[in-house]
Q: 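The structure's right below; bear with me while I get my questions together.
Numbers here simply count residues along the sequence, with the first being 1.
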Amino acid sequence: MPYAKAKDGTMLYYKDWGRGDPVVLMHGWPLTGDTFDDLGIKLVEAGKRCIIPDRRGFGRSDQPWDGYDYDTFADDVIAILEDAGINQPVALVGFSMGGGEVARLVSKQGKGRISAAVLASSVVPMVQQTDDYPDGVPQSQLQEITQQMTTDRAGFLKTFIKQFYGVGFVSQPVSDGVLDQAFLQANMAGARSTYAAAQAWATTDFRPDLKAFDGIPTLILHGTSDKNVPFEGTGKKVAEALPHAQLITYEGSPHGIFETDKKRFCQDVVNFLTQDSRGTTADQSASAIPLSAR
């Protein structure tokens with residue numbers, strides 16, 4: 001698989017699968033582009049070309065000291081598209097932290113370059129609670145996460161990944177193999193990149209970026225029991241800010257819906273990016289549609 005060179009010389013790994021209209025799939029923290037293998041296969045089978053990067057500092061990409069901010073992340077995606085020879089409009093799919101890259105790319109590139117956007121369990125519009133954003137996560141909780149990471153990163157990741165997939169004393173939505181795979185992916189990242197990227201997704205305010213979504217077909221997917229990026233302060237707020245967007249809630253599902261609800265998740269994204277009636281479905285603006293009722 002190819003590598004692209006970022007502006008600062010960082011080598012960025014990406015998969016380039018299929019032929020057709022391009023779709024860029026941006027993974028969450030602290031995983032890799034392998035997150036999207038199943039969705040990528042389905043999209044290629046539906047006639048799409050999938051570009052699936054490993055974010056700088058994660059997976060098979062280089063681990064530089066600097067560049068863990070959303071302007072740089074967005075520029076990295078542009079560098080990958082240039083390396084892949086893609087000049088036409090692209091659809092963007094961002095999971096969790098990757099949703100921030102979608103928002104920043106939409107803001108930087110506009111609807112002339114972005115054909116559609118999917119925000120899945122996304123950190124948009126922002127995670128951190130502030131005076132003018134009371135629905136966010138309190139700073140004390142974010143500081144506790146940082147302390148746990150820096151004290152025992154491996155131990156933190158084991159616990160984090162269980163919550164990520166909604167695993168508890170009674171519930172086991174995914175297999176031990178899925179948990180092991182996520183742990184291995186997370187440990188491919190460097191300590192510096194893990195900490196710095198967490199700071200980026202926890203503190204970046206994407207509310208100004210949302211203004212650029214006007215006229216861009218947008219799909220919002222979110223689990224109602226997401227404890228990592230709570231729906232009430234993120235997906236619901238994006239739906240309220242973007243009247244043209246389609247919101248689909250996954251009732252009772254945790255953060256990692258690409259695994260816990262794999263079949264439904266893949267079908268929702270494929271349908272949205274391939275249906276001629278996408279403009280019609282987008283008219284179901286900002287209304288939560290439980291999958292069980294579809």
Q: Within the 4.5 Å heavy-atom criterion, are Cys50 and Leu25 side-chain neighbours or not?
A: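 Side-chain contact under 4.5 Å: yes.
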
Q: Using the ring pair (Phe, Tyr, Trp, His ring centres under 6.0 Å) rule, pick out the option among Tyr195, Tyr70, Trp29, Tyr68 that qualifies with Trp201.
A: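 Running ring pair (Phe, Tyr, Trp, His ring centres under 6.0 Å) over Tyr195, Tyr70, Trp29, Tyr68 with Trp201 returns exactly one hit, Trp29.
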
Q: So is Arg104 actually on top of Phe206's ring, under 6.0 Å and inside 45° of the axis?
A: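 No.
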
Q: Describe, in one word, how the ring planes of His255 and Phe95 are oriented to each other, choosing from parallel (under 30°), tilted (30 to 60°) and perpendicular (over 60°).
A: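 Judged by the thresholds at 30° and 60°, the geometry between His255 and Phe95 is tilted.
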
Q: Side chains of Val24 and Val93: closer than 4.5 Å at any heavy-atom pair?
A: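 No, their side chains stay 4.5 Å or more apart.
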
Q: Both conditions, 6.0 Å and 45 degrees, for the charged tip of Arg49 above the ring of Trp17: are they met here?
A: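 Geometry flag: not set, cation outside 6.0 Å or 45°.
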
Q: Please work out which of the three classes, parallel, tilted or perpendicular, describes the rings of Tyr3 and Tyr13, given edges at 30° and 60°.
A: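 Plane angle over 60°, so perpendicular.
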
Q: Do Glu251 and Thr249 have side-chain atoms, one donor and one acceptor, less than 3.5 Å apart?
A: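 Side chains of Glu251 and Thr249: pair found under 3.5 Å.
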
Q: Does some side-chain heavy atom of Asn228 sit less than 4.5 Å from a side-chain heavy atom of Gln163?
A: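 Gln163 reaches Asn228 side chain to side chain.
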
Q: Hey, what's the ring geometry for Phe36 with Phe265, parallel, tilted or perpendicular (30° and 60° as the breaks)?
A: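 Answer is parallel, since the angle falls under 30°.
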
Q: Using distance alone, with no hydrogens and no angle criterion, decide if Asp75 and Thr72 have a side-chain donor and acceptor under 3.5 Å apart.
A: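 Result is no, nothing qualifies.
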
Q: Does the pair Lys111/Asp214 count as a salt bridge with the N-to-O cut at 4.0 Å?
A: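 Salt bridge absent between Lys111 and Asp214.
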
